[in-house]
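Below is one structure, written out as structure tokens; comments come after it.
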Amino acid sequence: MSESRLWDDVDAYLISHLSPNDDPLEAALRDSDAAGLPRVNVTANQGKLLQLLAQVQGARTILEIGTLGGYSTIWLARALPADGRLVTLEHSVRHAEVATRNIARAGLDTLVDVRVGPALETLPELADENPPPFDLVFIDADKVNNPHYIEWALKLTSTGSLIVIDNVVRGGRVADPDSAEDDVRGTRAAIELIGSHPRLSGTAVQTVGGKGYDGFALARVLA
């Protein structure tokens, strides 16, 4: 058995017992595929991890940068109380339309605010509204702008908030200091920003599974 096949089998076993998709989640994946969205959403066990992190955090407000078809949005929104709020930012109008339908079918549309446009334009607009600090920020968008998204996350959070950044290993390419690829350079800049910023305490974890060899970073906002 190949290594990657073994990763897939282990993921399937873990998901079947710990984080199986229910009907709204399966429908979100199915409709995203039917609409031609790229298959880059988090896996079910990663979605469950996001939900657990939000619950451990006691999150009442969540910011997501990168909605895609709303699959991760559903996992996160399910962690919120009835009066909670999740703002999710999506660049693509078509992706946002699919996500909005998926979120509504999951019965979460009263909790979720889908905003369309480049995140570096919608984030300043969000900040101008002076919202309460977000308890958790999930960053899963274009990797070249990860450092900018972290800076905005710091402006929109407070002490104790949690920032999660997906896809930080890039199949191992993140270790290459000479890489000219934008996704790697953006990811390296984000990791180095977390490591050097006086208001952040973070770590990163390598993962294998249905999405291959990758990983995520966690950063807690300090005073």
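Excluded from the calculations below are hydrogen atoms, water molecules and symmetry mates; all remaining heavy atoms, backbone and side chain alike, are included.
- Distance check: Asn41 CG to Thr67 OG1 gives 12.5 Å after rounding to the nearest 0.5 Å.
- There is a side-chain donor-acceptor pair under 3.5 Å between Thr43 and Gln46.
- Taking a 6.0 Å sphere around CZ of Arg105, one finds it holds more than 12 heavy atoms contributed by other residues, nucleotides or ligands.
- Between Lys143 and Asp182 there is no salt bridge, since no side-chain N of the basic residue sits under 4.0 Å from a carboxylate O of the acidic one.
- Residues Thr61 and Asp135 bring a donor and an acceptor atom of their side chains to less than 3.5 Å of each other.
- Using a 4.0 Å cut-off between charged side-chain N and carboxylate O, Arg173 and Glu181 make a salt bridge.
- Applying side chain to side chain contact (heavy atoms under 4.5 Å, CB included) to Ile150 and the options Ile194, Ile191, Val137 leaves one that passes, Ile194.
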Could you please spell out the steps behind the side chain to side chain donor-acceptor pair (under 3.5 Å) verdict for Asn21 and Tyr71? CA-CA 10 Å; Asn21 283 323; Tyr71 182 77; 2.6 Å; yes
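- Taking Glu64 as the reference, Ser72, Thr73, Thr88 meet the side chain to side chain donor-acceptor pair (under 3.5 Å) condition, with sequence neighbours excluded.
- By the salt bridge (charged side-chain N to carboxylate O under 4.0 Å, His left out) test, Asp8 is found to be paired with no residue, residues two or more places apart in sequence or in another chain being considered.
- Enclosure of atom CG in Asp23 is not indicated, since only 12 or fewer non-hydrogen atoms of other residues, nucleotides or ligands lie within 6.0 angstrom.
- Using a cut-off of 4.0 Å between Lys/Arg side-chain N and Asp/Glu carboxylate O, Arg101 and Asp31 are scored as not salt-bridged.
- Note on Glu192 versus Arg188: salt bridge recorded, some NZ/NE/NH1/NH2 to OD/OE distance being below 4.0 Å.
- With respect to Asp183 and Arg185, no salt bridge is recorded, no charged nitrogen being found less than 4.0 Å from a carboxylate O.
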